[in-house]
Amino acid sequence: MAVLGPGGVGGLVGALLARAGHRVTFLGGEETVRAVREHGIQVRSGMFGDFTVRAEADTELREPVDVCLVTVKQNVLGAALDRVSPAALGDGLVVPLLNGIEHPAALRARYRPELVVPGVIRVASTRVAPGIVEHGSPFVEIDLASAATPAERLDELVTVLDGAGVRAATRADEAAMLWGKLFFLAPFALMTTHHKCPVGEMRTVHRAELVDLVAEVAALSNAAGVPADVDAALRFYDAFPPEAKSSMQRDAEAGRPLELDAIGGALLRIARQHSVAMPLTERLVADLARLSEGSAPA
């Protein structure tokens with residue numbers, strides 16, 4: 001196994017795989033590689049307990065693997081893929097656990113299409129320092145879908161993930177899986193970051209705007225051929241702990257680059273393709289783009 005980008009998601013899943021006995025190589029920058037080589041990956045988790053695993057680390061993939069998890073932020077995906085050449089990958093599966101909906105096409109342009117298995121992950125996990133991960137949710141769930149990949153390879157990967165403590169499943173429809181996550185994620189990310197508030201305030205103080213935004217994204221999802229349920233989305237937000245924040249909001253608070261283009265930008269590009277008006281989404285994305293530019297280091 002290889003993990004490209006051992007942050008909150010990749011660090012946690014990779015550490016669980018290593019703890020289950022799999023050979024895992026973490027791929028990242030020199031600082032991350034040095035930390036993992038010296039101290040391993042340290043996980044703090046109420047679900048799994050606190051543990052440290054020793055694992056290999058390198059700045060690039062140097063030998064074939066069975067699976068390469070791609071867990072970098074979407075905004076650095078292009079540069080990160082230089083660490084995993086198609087030749088070094090061999091016949092390994094490429095499993096992106098990324099936000100957004102456009103990355104599978106980019107990955108299939110670089111690697112053999114049947115090797116790319118898009119996934120979505122549900123987890124709250126954060127890298128607090130190189131090689132140190134805090135896992136806060138009482139679950140880690142991954143869905144996988146790829147009609148081009150042999151079913152037995154998908155089933156084997158599900159078995160491996162389940163054995164490491166990750167609840168995994170295959171889905172029949174890749175587009176429905178990716179749109180399903182984006183439909184819930186986009187309003188949450190855009191609104192909590194724009195209003196600098198947790199979900200509790202988003203769903204109460206800003207509820208009218210939330211309903212309008214969910215309706216816009218639902219209309220686009222429907223136009224793209226994936227039915228979306230506005231009421232289901234609102235029930236989803238209402239069930240969140242009120243203090244919950246989106247990963248985009250946490251990035252904004254920490255002064256890190258935002259995945260704005262992968263989430264909001266993707267929605268607007270697809271909206272233009274389908275001639276769907278999304279004025280509220282457009283305004284929020286524009287405001288956040290200005291905010292991001294204003295906070296960028298000189």
Side-chain angles (χ1 to χ4, degrees), residues 73-75 98-103 120-124 136-139 141 143 171 173-253 258-295:
K73 293 284 189 180
Q74 176 83 13
N75 48 306
L98 307 179
N99 293 325
I101 202 166
E102 297 174 317
H103 56 274
V120 298
I121 186 167
R122 292 174 291 277
V123 69
S137 59
F139 53 82
E141 300 172 348
D143 291 340
R171 301 299 179 200
D173 190 326
E174 178 182 317
M177 177 189 73
L178 293 172
W179 267 107
K181 179 170 184 181
L182 186 61
F183 175 52
F184 291 107
L185 171 67
F188 178 43
L190 295 175
M191 285 197 61
T192 57
T193 309
H194 183 267
H195 293 292
K196 302 178 182 179
C197 70
V199 70
E201 184 176 331
M202 179 192 77
R203 69 191 181 209
T204 53
V205 176
H206 305 288
R207 192 170 189 88
E209 184 179 69
L210 174 62
V211 172
D212 289 344
L213 183 58
V214 171
E216 281 192 358
V217 181
L220 181 59
S221 183
N222 289 329
V226 179
D229 187 333
V230 171
D231 290 337
L234 296 175
R235 289 194 298 271
F236 178 77
Y237 302 132
D238 288 340
F240 264 43
E243 69 278 5
K245 297 180 178 181
S246 68
S247 59
M248 184 185 288
Q249 182 185 6
R250 291 195 297 269
D251 285 341
E253 291 173 345
L258 306 183
E259 288 187 298
L260 184 60
D261 187 66
I263 297 172
L267 288 176
L268 296 178
R269 285 188 288 274
I270 298 168
R272 288 192 290 271
Q273 294 170 12
H274 292 279
S275 299
V276 175
M278 302 187 75
L280 177 53
T281 304
E282 190 170 352
R283 177 175 66 80
L284 291 173
V285 170
D287 287 350
L288 287 171
R290 286 191 290 270
L291 171 69
S292 181
E293 291 170 1
S295 63

Asks: Between atom CG of Asp261 and atom CG of Leu268, what is the distance when rounded to the nearest 0.5 Å?
Replies: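 Atom-to-atom, Asp261:CG and Leu268:CG are 9.5 Å apart.
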Asks: Can you tell me how far CZ of Arg250 sits from OG1 of Thr193, rounded to the nearest 0.5 angstrom?
Replies: 10.0 Å
Asks: Applying side chain to side chain contact (heavy atoms under 4.5 Å, CB included) to Glu141 and Ile121, what does each step give before you reach the verdict?
Replies: CA-CA 6 Å; Glu141 300 172 348; Ile121 186 167; over 6 Å; no
Asks: Rounded to the nearest 0.5 Å, how far apart are CZ of Phe236 and CG of Asp231?
Replies: 15.0 Å
Asks: Using modelled atom types and a 3.5 Å cut-off, is there a donor and acceptor pairing between side-chain atoms of Asn99 and backbone atoms of Ala262?
Replies: no
Asks: Does Lys181 pair with Asp143 as a salt bridge, N-O distance under 4.0 Å?
Replies: no
Asks: Show which side-chain atoms of residues 206-213 pair as donor or acceptor with protein atoms under 3.5 Å away, not counting sequence neighbours.
Replies:
from, atom 1, to, atom 2, distance (Å)
Arg207, NH1, Arg203, O, 2.9
Arg207, NH1, Asp238, OD1, 3.0
Arg207, NH2, Asp238, OD2, 3.1
Glu209, OE1, His195, NE2, 2.5
Glu209, OE2, Arg283, NH2, 2.9

Asks: Looking at Leu280, is its backbone amide N or carbonyl O close enough to the side chain of Glu216 to form a donor-acceptor pair, meaning the two atoms are under 3.5 Å apart?
Replies: yes
Asks: Taking only residues two or more places apart in sequence or in another chain, which ones pass side-chain contact (heavy atoms from CB on, under 4.5 Å) with Ala286?
Replies: Arg290
Asks: What's the spacing between Ile270 CD1 and Trp179 CH2 if we round to 0.5 Å?
Replies: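 These two atoms lie 4.5 Å from each other.
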Asks: Work out which heavy atom in Phe139 is nearest to a heavy atom in Ser137; give both atom names and the distance.
Replies: O-OG, 2.8 Å
Asks: Please confirm whether the backbone N or O of Cys197 pairs with a side-chain atom of Gln249, one donor and one acceptor, at under 3.5 Å?
Replies: yes
Asks: Taking all non-hydrogen atoms of both residues into account, name the closest pair between Val199 and Pro241 and its distance.
Replies: CG1-O, 3.1 Å
Asks: What are the two closest heavy atoms between Val214 and Val230, and how far apart are they?
Replies: CG1-CG1, 3.8 Å
Asks: With rounding to the nearest 0.5 Å, note down the distance linking CG in Leu258 to CG in Asn75.
Replies: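 So the gap between those two atoms works out to 8.0 Å.
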Asks: Closest heavy-atom contact between Ala223 and Val276?
Replies: CB-CG2, 3.8 Å
Asks: Give the C-alpha distance, both sets of side-chain angles, the deciding distance and a yes or no for ring-ring contact (aromatic ring centres under 6.0 Å, His included) between Phe184 and Phe188.
Replies: CA-CA 7 Å; Phe184 291 107; Phe188 178 43; over 10 Å; no
Asks: Do you know which two heavy atoms are closest between Met278 and Ala271, and how far apart they sit?
Replies: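 Heavy atoms only, the tightest pair is SD-CB, 3.6 Å.
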Asks: For Pro187 and Met202, which heavy atoms make the closest approach, and how far apart are they?
Replies: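 The pair with the smallest heavy-atom distance is O-SD, 4.1 Å.
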Asks: Do Gln74 side-chain atoms and Glu259 backbone N/O form a donor-acceptor pair below 3.5 Å?
Replies: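 A pair under 3.5 Å: no.
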Asks: Using side-chain heavy atoms (C-beta onward) and a distance below 4.5 Å, is Met248 in contact with Thr192?
Replies: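 No - every pair of side-chain heavy atoms lies 4.5 Å or more apart.
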Asks: Check for a donor-acceptor pair, side chain of Tyr237 on one end and backbone N or O of Gly200 on the other, with a separation under 3.5 Å.
Replies: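 Absent.
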Asks: Looking at Glu253 and Lys245, is any side-chain nitrogen of the basic one under 4.0 Å from a carboxylate oxygen of the acidic one?
Replies: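 A salt bridge links Lys245 with Glu253.
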Asks: About how many Å separate CG of Leu284 and CG of Leu291, when rounded to the nearest 0.5 Å?
Replies: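 Spacing of CG (Leu291) from CG (Leu284) equals 12.0 Å.
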Asks: Under the 3.5 angstrom rule, does the side chain of Ser221 hit a backbone N or O of Val217 as a donor-acceptor pair?
Replies: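 Flag not set: sc Ser221 to bb Val217 has no pair under 3.5 Å.
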